[in-house]
Amino acid sequence: MKKKTVNKDIFSKRLTLLMEEHNETTYSMADRFSLSSPTISRYMTGQMAAKITTIELMAKYFNVNPVWLMGYDVDRAMPQTLLSTALTKHESEVLTAYRNKPEAQPFVDRLLGITSQPDHLMPIAAHNDATQSKEEQALMQEDLDEL
């Protein structure tokens with residue numbers, strides 16, 4: 001099977017189109033996908049192609065076929081095999097509406113009691129000098145247990 005490559009020219013046009021349709025900016029996209037805004041700009045001008053993993057994330061966000069986003073002549077719609085078959089029609093409509101309104105997502109999340117999970121974990125450092133008193137060690141253990 002031939003490895004699929006990204007057509008930078010078509011990818012840039014399709015990404016720009018999707019961003020316009022969803023009222024996204026280079027800054028909002030950069031924030032959403034943990035990239036820099038100059039990187040998004042390079043994607044939009046065809047100077048650079050995104051990694052396949054980034055394209056897959058973008059396709060999922062925009063609810064489009066990742067192969068279409070890469071520049072291939074395939075259906076724009078997300079293939080059924082990539083969609084959950086367990087969703088009812090109503091659930092699918094709600095999900096599509098949610099994805100198409102990113103500005104409303106924080107409000108919906110709060111309404112439903114959904115908390116955002118960070119995309120990454122903050123690194124922490126710890127050490128034990130073995131010079132702490134038993135009371136200090138117990139306090140440190142309590143702190144660690146809270147994590």
Side-chain angles (χ1 to χ4, degrees), residues 1-129 137-147:
M1 184 171 162
K2 184 181 175 189
K3 180 181 174 185
K4 295 212 180 286
T5 58
V6 180
N7 180 318
K8 290 190 290 188
D9 293 330
I10 297 174
F11 168 72
S12 68
K13 290 175 183 157
R14 291 179 178 174
L15 177 61
T16 301
L17 173 71
L18 291 168
M19 288 174 61
E20 289 171 358
E21 289 175 357
H22 290 81
N23 296 317
E24 292 285 353
T25 65
T26 56
Y27 299 104
S28 63
M29 290 288 288
D31 186 52
R32 182 173 304 283
F33 296 104
S34 300
L35 300 166
S36 70
S37 58
T39 296
I40 300 296
S41 292
R42 286 186 201 102
Y43 294 163
M44 294 174 70
T45 59
Q47 294 174 329
M48 190 167 99
K51 294 179 182 175
I52 300 299
T53 52
T54 302
I55 290 173
E56 289 171 345
L57 290 171
M58 288 178 173
K60 187 175 181 180
Y61 170 70
F62 289 122
N63 197 27
V64 297
N65 186 336
V67 178
W68 174 84
L69 185 55
M70 290 170 64
Y72 288 85
D73 188 20
V74 296
D75 190 26
R76 173 181 163 158
M78 180 74 75
Q80 280 300 110
T81 56
L82 297 179
L83 295 173
S84 171
T85 56
L87 295 178
T88 66
K89 183 177 184 220
H90 176 73
E91 289 168 333
S92 180
E93 290 170 352
V94 169
L95 182 58
T96 299
Y98 179 85
R99 287 180 175 164
N100 289 335
K101 298 282 187 183
E103 69 279 1
Q105 291 172 4
F107 303 107
V108 173
D109 291 350
R110 276 199 304 272
L111 177 69
L112 298 174
I114 299 169
T115 57
S116 282
Q117 296 297 320
D119 292 334
H120 64 283
L121 298 176
M122 292 294 291
I124 59 170
H127 60 88
N128 185 352
D129 293 335
Q137 289 176 3
L139 289 172
M140 285 191 296
Q141 187 61 48
E142 285 177 27
D143 290 342
L144 288 173
D145 291 342
E146 288 179 16
L147 297 175

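- Here the CZ-CE distance, from Arg14 to Met70, works out to 11.0 Å after rounding to the nearest 0.5 Å.
- Relative orientation of the His22 and Tyr61 rings is tilted, given thresholds of 30° and 60° on the angle between their planes.
- To the nearest 0.5 angstrom, Phe62 atom CZ is 10.0 Å from Asn100 atom CG.
- Pairing each heavy atom of Val67 with each of Asn65, the nearest pair is N-OD1, 2.9 Å.
- Considering every non-hydrogen atom in both Pro66 and Ala59, the closest pair reads CA-CB, 3.5 Å.
- Between Pro102 and Arg32, the shortest heavy-atom contact is CB-NH2, 3.2 Å.
- Nearest heavy-atom pair across Ala30 and Ser37 is CB-N, 3.5 Å.
- Here the side chains of Ile40 and Met19 are in contact, with some heavy-atom distance below 4.5 Å.
- Residues Ser12 and Met48 fail the side-chain proximity criterion, which asks for heavy atoms closer than 4.5 Å.
- Residues Thr39 and Phe33 form no side-chain contact, since every pair of their non-hydrogen atoms from C-beta on lies 4.5 Å or further apart.
- Two residues are said to be in side-chain contact when any heavy atoms from C-beta on lie closer than 4.5 Å; Arg76 and Leu18 meet this criterion.
- The shortest distance between side-chain heavy atoms of Met29 and Leu15 falls below 4.5 Å.
- Under a 3.5 Å cut-off, the side chain of Thr45 and the backbone N or O of Ser41 do form a donor-acceptor pair.
- Taking both residues in full, the closest heavy atoms of Trp68 and Val74 are given as CD1-O, 3.3 Å, listed atom of the first, atom of the second, then distance.
- Inter-residue side-chain proximity for Val6 and Ile52 is flagged as met; some heavy-atom pair is nearer than 4.5 Å.
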Evaluate side chain to side chain contact (heavy atoms under 4.5 Å, CB included) for Glu103 paired with Asn23, printing each intermediate quantity in order.
-> CA-CA 10 Å; Glu103 69 279 1; Asn23 296 317; 5.8 Å; no
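- By the 6.0 Å contact criterion, OH on Tyr98 is enclosed, its count of non-hydrogen atoms from other residues, nucleotides or ligands being greater than 12.
- One N or O on the side chain of Tyr72 and one on the backbone of Thr5 form a donor-acceptor pair closer than 3.5 Å.
- Side-chain atoms of Arg42 and Pro38, non-hydrogen and from C-beta on, do get closer than 4.5 Å to each other.
- Taking every heavy atom of both residues into account, Phe11 and Leu69 meet most closely at CD1-O, 3.1 Å.
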